[in-house]
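Here the structure is a predicted model, which is why all the values come from computation and not from measurement.
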Amino acid sequence: MTSPDTSSSRPAPGDTAPHRGHRPDLLADCGSCFGLCCVALPFARSQDFARDKSAGNPCQNLRDDFRCGIHERLRDEGYPGCTVFDCFGAGQKVSQVTFGGVSWRERPQSARAMSEVFPVMRQLHELLWYLNEVLGLRRARPVHRDARRALDDIERLTRACPEELAAADVPAIRAEVNTLLLKAGELERAQVTGRKKNHRGADLVGARLAGADLRGANLRGALLVAADLTGADLRVADMIGADLRDARLAGADLTGSVFLTQAQLNAARGDRTTKLPPTLRRPAHWEA
């Protein structure tokens with residue numbers, strides 16, 4: 001349940017804050033959701049999850065009110081993967097819009113359809129998140145018109161009926177949007193002069209990059225699992241899809257990084273000295 005190439009007022013496990021003017025509806029609102037991430041998605045017993053769970057079956061920790069019974073102890077109970085996941089607001093959209101506020105407990109026959117639609121909606125909302133960020137990047141103005149058109153088209157699709165959503169060709173939509181995101185990232189990174197590192201899709205698992213100058217670098221889809229980025233300069237780096245699980249970010253500077261998400265930060269290991277974009281939240285477990 002990690003991000004891919006990636007009480008009613010209770011925050012989502014992977015708390016997010018608005019990034020470059022992101023809309024509230026693209027932030028998870030667990031109080032308006034029917035616990036869909038705890039039902040629709042599968043997980044396997046591993047260092048991220050204490051038990052196996054198949055898609056469509058409720059997690060044993062899901063309470064009758066659709067809240068997590070061990071929310072405050074997820075990491076201690078062996079579910080750190082839950083604290084990383086972010087639905088980008090897809091949960092409440094499916095619950096309140098697609099299915100009109102009627103839960104799968106109230107209408108059991110809708111459970112399967114909800115489980116099929118939620119992963120699709122989650123991907124569409126992730127694309128809306130990125131496109132909305134593009135519209136907030138001044139240097140990406142040359143692609144703003146196309147980004148707005150793509151955003152409007154996807155927004156219309158997110159309000160379609162369950163059958164149309166389930167049949168959506170998400171890979172094709174993602175490929176089209178990715179072209180815009182790539183161009184936007186290049187335009188934004190152009191503010192950094194001189195030669196910039198290109199680590200797109202690179203295998204940097206466990207890499208020793210402490211203190212590295214990665215200003216304006218292309219880190220799209222890079223595997224940075226357990227990499228040592230202590231004190232690294234990641235300002236204005238394109239971080240879309242970068243795998244930061246257990247990456248060491250103590251003292252790193254991520255100011256102005258492009259397409260960085262809260263889920264990526266939640267998966268990493270930083271501290272009080274890690275410099276973040278002003279609208280992203282320092283994960284609680286970093287303090288611990």
Side-chain angles (χ1 to χ4, degrees), residues 3-6 16-22 26 86 88 126-144 146-148 151 177-202 204 207-225 227-245 247-283 286:
S3 180
D5 175 28
T6 132
T16 59
H19 184 32
R20 289 194 177 104
H22 276 295
L26 298 181
D86 182 10
F88 295 96
E126 180 185 18
L127 295 177
L128 290 177
W129 172 276
Y130 289 133
L131 287 167
N132 202 61
E133 179 163 347
V134 169
L135 295 175
L137 300 175
R138 288 181 297 173
R139 293 175 179 82
R141 283 176 180 167
V143 298
H144 278 186
D146 289 339
R148 170 58 64 186
L151 186 148
V177 171
N178 189 57
T179 300
L180 294 172
L181 300 182
L182 179 60
K183 182 61 177 177
E186 292 174 344
L187 290 167
E188 186 68 9
R189 291 188 302 113
Q191 66 184 280
V192 178
T193 59
R195 187 173 183 179
K196 296 178 283 289
K197 300 287 176 47
N198 184 0
H199 293 308
R200 182 178 181 181
L204 297 172
R208 298 178 180 179
L209 296 168
D213 183 357
L214 295 169
R215 287 174 298 171
N218 185 345
L219 294 170
R220 293 171 59 91
L223 298 178
L224 288 160
V225 179
D228 184 2
L229 290 161
T230 304
D233 191 342
L234 292 155
R235 287 176 293 174
V236 201
D238 189 337
M239 304 296 294
I240 193 168
D243 192 338
L244 295 176
R245 284 176 296 165
R248 295 163 61 184
L249 295 175
D253 191 345
L254 290 150
T255 306
S257 55
V258 187
F259 303 133
L260 180 67
T261 68
Q262 190 66 45
Q264 288 172 298
L265 291 180
N266 291 344
R269 297 164 55 195
D271 65 9
R272 294 176 183 269
T273 66
T274 307
K275 296 179 181 179
L276 303 177
T279 48
L280 285 180
R281 187 187 302 255
R282 196 175 306 275
W286 283 14

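The shortest heavy-atom contact between Leu151 and Asn132 is CD1-N, 3.9 Å. For the pair Asp271 and Ala250, the tightest heavy-atom approach, listed with the atom from each and the gap, is OD2-CB, 3.2 Å. The two residues Phe259 and Ala184 make their nearest non-hydrogen contact at CZ-CB, 4.3 Å. Nearest heavy-atom pair, Leu219 versus His199, reported as atom, atom and distance to 0.1 Å: CD2-CB, 3.6 Å. Closest heavy-atom contact between Arg200 and Asn198: N-OD1, 3.2 Å.
Distance check: Leu131 CG to Leu181 CG gives 5.5 Å after rounding to the nearest 0.5 Å. Rounded to the nearest 0.5 Å, atoms CD (Gln262) and CH2 (Trp129) are 8.0 Å apart. For the atom pair CG of Leu182 and CG of Asp238, the computed distance is 7.5 Å after rounding to the nearest 0.5 Å. The distance from the CG atom of Leu280 to the OG1 atom of Thr274 is 12.5 Å, given to the nearest 0.5 Å. Separating the CG atom in Leu127 from the CG atom in Asn178 is a distance of 9.0 Å, to the nearest 0.5 Å. Atom CG of Asp233 and atom CG of Leu209 lie 12.5 Å apart (nearest 0.5 Å).
Side-chain contact check for Val258 versus Ile240: every heavy-atom pair is 4.5 Å or farther apart. Residues Leu234 and Ser257 are not in side-chain contact: their nearest non-hydrogen atoms beyond the backbone lie 4.5 Å or more apart. Side-chain contact between Leu244 and Met239: present, with at least one pair of heavy atoms (C-beta onward) separated by less than 4.5 Å.
No donor-acceptor pair closer than 3.5 Å links the side chain of Arg282 to the backbone N or O of Gly270. A donor-acceptor pair is defined here as one N or O able to donate and one able to accept, closer than 3.5 Å; no such pair exists between the side chain of Glu188 and the backbone of Gly185.
Annotation for Arg189: atom CZ counts as buried by contact number, over 12 foreign heavy atoms lying within 6.0 Å. Crowding of Arg208 atom CZ: a count of heavy atoms from other residues, nucleotides or ligands under 6.0 Å not exceeding 12. With a 6.0 Å radius and a threshold of 12 heavy atoms from other residues, nucleotides or ligands, Lys196 has its NZ atom above the threshold.
A search for side-chain contact (heavy atoms from CB on, under 4.5 Å) contacts involving Asp146 returns Arg149, Leu180, not counting sequence neighbours.
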Mind listing the side-chain donor-acceptor pairs of residues 134-144 below 3.5 Å, one per line with the distance, residues two or more places apart or on another chain?
| residue | atom | partner | partner atom | Å |
| --- | --- | --- | --- | --- |
| His144 | NE2 | Val134 | O | 2.9 |
| His144 | NE2 | Leu137 | O | 3.0 |

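The aromatic rings of Tyr130 and Phe88 lie tilted to each other, with the angle between the two planes from 30° to 60°.
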